[in-house]
There are 2 protein chains.
Amino acid sequence: MADAEKKAVVEEIKKQGEIVRKLKAEKADKEKIAEEVAKLLELKAQIGDVGTNQKFILKTPKGTRDYNPKQMAIREGVFKTIVDSFKRHGAETLDTPVFELKETLTGKYGEDSKLIYDLKDQGGELLSLRYDLTVPFARYLAMNKINRIKRYHIAKVYRRDNPAMTRGRYREFYQCDFDIAGQYDPMIPDAECVKIVHEILTNLGLGDFVIKVNHREILDGMFEVCGVPADKFRTICSSVDKLDKTFWEDVREEMIEEKGLDPATADNIGQYVKMNGGLELVEQLLQDPLLPTSKAAKQGLEGMRTLLKYCQIFGVLDKVSFDLSLARGLDYYTGVIYEAVLKGSEMLPTKTGEQVGVGSVAGGGRYDGLVGMFDPKGKQVPCVGVSIGIERVFSIMEAKAQAKAEKIRTTETDVLVASGQRDMLEERLKLCTELWDAGIKAEMIYKKNPKMLNQFQLAETTGIPLIAVIGEAELKNGTVTLRNMETRAEEQIPRADLISVIKERCRQISSS
Amino acid sequence: MADAEKKAVVEEIKKQGEIVRKLKAEKADKEKIAEEVAKLLELKAQIGDVGTNQKFILKTPKGTRDYNPKQMAIREGVFKTIVDSFKRHGAETLDTPVFELKETLTGKYGEDSKLIYDLKDQGGELLSLRYDLTVPFARYLAMNKINRIKRYHIAKVYRRDNPAMTRGRYREFYQCDFDIAGQYDPMIPDAECVKIVHEILTNLGLGDFVIKVNHREILDGMFEVCGVPADKFRTICSSVDKLDKTFWEDVREEMIEEKGLDPATADNIGQYVKMNGGLELVEQLLQDPLLPTSKAAKQGLEGMRTLLKYCQIFGVLDKVSFDLSLARGLDYYTGVIYEAVLKGSEMLPTKTGEQVGVGSVAGGGRYDGLVGMFDPKGKQVPCVGVSIGIERVFSIMEAKAQAKAEKIRTTETDVLVASGQRDMLEERLKLCTELWDAGIKAEMIYKKNPKMLNQFQLAETTGIPLIAVIGEAELKNGTVTLRNMETRAEEQIPRADLISVIKERCRQISSS
């Protein structure tokens, strides 16, 4: 490194050092401090000033987190509820690699493409981390010439977005996708997606919710009759998409000031996007003097009528709201679009007293053109699907578990094999072997002569319901002392009966 | 692009074009052809020759694969067997991000570091994809100051290695890790790891296997007494590690020619690495005139005696082989090392008639120094663990399923709701709703008026055991016709009893 360069880095190090000191003095967010310290160390490394005792920063990358065993227990419970529902509706599952060829993702996400993580060019193909599960699904269908499948896919996706971890917004996060591909009669699979979201949100017990639905053709028709130029449909659609977080006045200003829309046109749009309702709104709009003059809008409204009718049969119409302000940003939607929002509980208190805004917990829609973008002959496979925004669900469940101070077991161990006497290690090992070989979940402390108190405490803190105690007396009598941690009842069980008694006790405990 | 540059690229395109044509003429491996075509297209893109109809290559990145629903069904079955075993031994689970700070992985993998995937520097932290689950686990322990945990972690890891997909060697692959961290009495957790590998390989039913064990201290002691200079221990260890794939003569030559070892020293090593056996070998080596003169070797041998004794109590000693040629490459092992190998079935025929060499299906060892590398004060947490090489297991299971032409169900649907009459769509939707709401797994064809034959065929091909048929007659009588696809028996069920009858039939079918 040239002296001038080195001098510049030293200068940067000074500045960075001040930033860190300032943050520490302010007792700023730990995550923030760790990031700035990491930058400082990177700068120092550039001039070889690594320091002999300087260990690196112990953290996960920005916007990511570890799941500890308690969080995993919650996560597995949530996944089970979701997968049960997907399977109840006959879905298969598949998996794709965490990265795709870079070109597979190119041109699918509009402005959001800048959020894609690329891999370093280390020779060979150029790769990117997947941004969602929908594009890899479309690539899979085209590659394997599949024109009909109902599949779910639960996996992590990656976005270089601004993380807001307390709101469940991460750079690495799970998506739980359910999609139906195939040429079918209108709105039947589309309505089943609404049914599934309804089922999952009900079964997760997150409180009251509303599933907003709209249709790209209604949106396009609305823009048409309001006088939006065709080349501005997508960008005006992005503005409308902000209405869930922003007041109409601000969106109107953006449309006029930034996007050059005529104020009268914006006001026309304003009339429509305030509307939401059920079947009666569809009928009202079909009688609207303006909207059905657009062929697209008329078709969209008739589709919406069919969708809501099927939702009624499925018994979910009371939670469905036809909402003209629902737009959704992604380029690839062509028909129905969905978004599910939790009611009331948008703001949940966390342990730090902060408020958690959870917003949308599911979204999706119909994308009939995406598979054709991958097929060499442009062959289309119509698709519709929903994605459960599971990180937000985790945030809510974790906050709830914390609020209730719930005791979550992170293991499933049924029996702790213990002894209060010395030199019983081999006997404990033997007994564990007997239990494991019979399929019973058992543990012991990996010490030669553990104290009885420590063994009791382990069972207590980890929630193990039974302790099997052996000692000289038990060995002589050919028995084991079985203690129920809950009731404190102890019984002497002949060794030959031990397996069947433990299985019986486990059944009793799990059903009580 | 300057003209000279462009000319050079055009020249490259010509050459690459010839490579592709040659491969196609030779009917070479499809994957290989696709790779070379991708290179050709990348070159063409450099000079702007993209072609108007040129769609990109439809493939997954080199060394990766999709899992189709049948492969997923096999994968889920294998995971269940493994997780059941981990839980039976009281393990919790956790998860870490797919990428880590680059520096977290630095200096942990010796020569293999070149195989790490780095992410592109898009501003912010420098990141790398995880190479294994052990280093993230150690980072997690140090970061959270945990000094005692028994955890499993099943997740994908990434290595830019030469893939050999038919042998189950991928660039993206699953590891299933079980580790015990904590200060315990010697060899108790180490022996439990052997027990777990034994349990999993037995329950997976992959055929006979052997679990090789050795000890880093025995290896180091052996090198010491044979006269290997201390600074060559690690590189000579790498040579020994090749003995599972290479003849001793070739390893000897490498030691002498490439690594500059004295021939007499190499021959000394040769005497030892040919040895394998059980407890009797440990006793023999403790009486060896040379080996126990090394303090390390003596300690290692005494540890091995304890390990084998506990393996005997666990009832797994018959599958354990103390093998002095087992070395394992990774730098971080400090004590016992393991490797499980399938016997006889190293060569499995695939559909293409190729032979699948599966080799090692599990490996691991003790690494007492790794967590200390992450702790700011260097505080150690002793750890021992095993990793199940699950991709190889998948390869074997898939080959077996293919050989047996097994019919694998990819959905769990119990009932297909069907009708042979027109205009029954709404009735089918209603019936599906009833079944779903009662928790029954049900499907219907998304058509207004599907043919009865198509509905029967769907049930037949996807293995749905029951069909619930409705039509005018059933609606009038308030019944449903329930058909058992296997026995072809049909029964008229009153609508009010339908749920309970279906649940009963499902129980009967699943237990038959």
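Side chains are part of it too, since the values below use all heavy atoms of this structure and drop only hydrogens, waters and symmetry mates. Within every chain, numbering begins at 1; the chains are lettered A, B, ... in the order of the sequence lines, protein sequences first and strands thereafter.
In this structure, CD on A/E103 lies 9.0 Å from NZ on A/K108, to the nearest 0.5 angstrom. Summarising the geometry, atom NE2 belonging to B/H198 is positioned 9.5 Å from atom CG belonging to B/L317; distances are rounded to the nearest 0.5 Å. Taken to the nearest 0.5 Å, the CZ atom of B/R139 stands 13.5 Å off from the CG atom of B/D375. Residue B/D414 holds its CG atom at 12.0 Å from NZ of A/K87, rounded to the nearest 0.5 Å.
No side-chain donor-acceptor contact under 3.5 Å links A/R130 to the backbone of A/P136. Between the side chain of B/K195 and the backbone N or O of B/F314, at least one donor-acceptor pair lies under 3.5 Å.
At least one side-chain heavy atom of B/D121 sits less than 4.5 Å from a side-chain heavy atom of B/L126. Put simply, the side chain of B/K441 does not reach to within 4.5 Å of the side chain of B/V415, judged on heavy atoms.
When each of B/L416, B/I440, B/N144 is checked for heavy-atom pairs under 4.5 Å with chain A, B/I440 comes out on top. Top candidate by heavy-atom pairs under 4.5 Å with chain A, chosen from B/Y117, B/F86, B/Y310, is B/Y117. Of the listed residues B/D437, B/V98, B/L435, B/T60, the one with more heavy-atom pairs under 4.5 angstrom with chain A than any other is B/V98. Considering only heavy-atom pairs separated by less than 4.5 Å from chain B, the leading option among A/R171, A/E199, A/H89, A/K150 is A/H89. Note on A/D118, A/L94, A/D84: by heavy-atom pairs under 4.5 Å with chain B, the leading option is A/D118. Listed options A/E412, A/K448, A/R160 were ranked by heavy-atom pairs under 4.5 angstrom with chain B; first place goes to A/R160. The choice from A/K430, A/Q71, A/R75 that makes the most heavy-atom pairs within less than 4.5 Å of chain B is A/R75. If you tally non-hydrogen atom pairs under 4.5 Å between each of B/L101, B/T96, B/T93 and chain A, the highest count goes to B/T93. Among B/C432, B/G315, B/G439, the residue with the largest count of heavy-atom pairs under 4.5 Å with chain A is B/G439. Ranking A/P97, A/A142, A/G90, A/A442 against chain B, the residue ahead of the rest is A/P97, based on heavy-atom pairs under 4.5 Å.
With a 4.5 angstrom heavy-atom cutoff, A/I146 does not touch chain B via any of its atoms. Heavy atoms of A/Q122 lying under 4.5 Å from chain B belong to its backbone as well as its side chain. With a 4.5 angstrom heavy-atom cutoff, A/R151 does not touch chain B via any of its atoms. For a residue to count as touching a neighbouring chain, one of its non-hydrogen atoms must lie under 4.5 Å from one of that chain's; by this rule A/I180 touches chain B with the side chain only. Within the 4.5 angstrom heavy-atom criterion, only backbone atoms of A/R65 (N, CA, C, O) approach chain B. Within the 4.5 angstrom heavy-atom criterion, only backbone atoms of A/A91 (N, CA, C, O) approach chain B. Heavy atoms closer than 4.5 Å to chain B are found in the side chain of A/E192, but not in its backbone. For B/L129, the part lying under 4.5 angstrom from a heavy atom of chain A is the side chain only. B/E426 touches chain A through backbone and side chain together, each having a heavy atom under 4.5 Å away. Only the side chain of A/E76 has a heavy atom closer than 4.5 Å to any heavy atom of chain B. With a 4.5 angstrom heavy-atom cutoff, B/K156 touches chain A only via side-chain atoms. Residue contact with chain B, scored on non-hydrogen atoms closer than 4.5 Å, is absent for A/K70. If you measure heavy-atom distances from A/L425 to chain B, the contacts under 4.5 Å come from the side chain alone. Looking at A/L431, there are no atoms closer than 4.5 Å to chain B (heavy atoms on both sides), in backbone or side chain. With a threshold of 4.5 angstrom between heavy atoms, A/Y170 does not approach chain B through any atom at all. Of the two parts of A/Y152, only the side chain, counted from C-beta on, holds a non-hydrogen atom closer than 4.5 Å to a non-hydrogen atom of chain B. Looking at A/L429, the atoms closer than 4.5 Å to chain B (heavy atoms on both sides) sit in the backbone and in the side chain alike.
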A/T81/A/F79 under side chain to side chain contact (heavy atoms under 4.5 Å, CB included): CA gap, chis, key distance, verdict: CA-CA 5 Å; A/T81 302; A/F79 280 163; over 6 Å; no

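Note: A/Y174 and A/Y67 have perpendicular aromatic rings, judged against thresholds of 30 and 60 degrees for the angle between ring planes. Using bins of under 30°, 30° to 60° and over 60° for the plane-to-plane angle, the ring pair A/Y184/B/Y446 lands in the perpendicular bin.
Side chain to side chain, B/T413 and B/E443 meet the donor-acceptor criterion of an N or O pair below 3.5 Å.
Salt bridge absent: A/E125 and B/K62 never bring a charged side-chain N and a carboxylate O closer than 4.0 Å.
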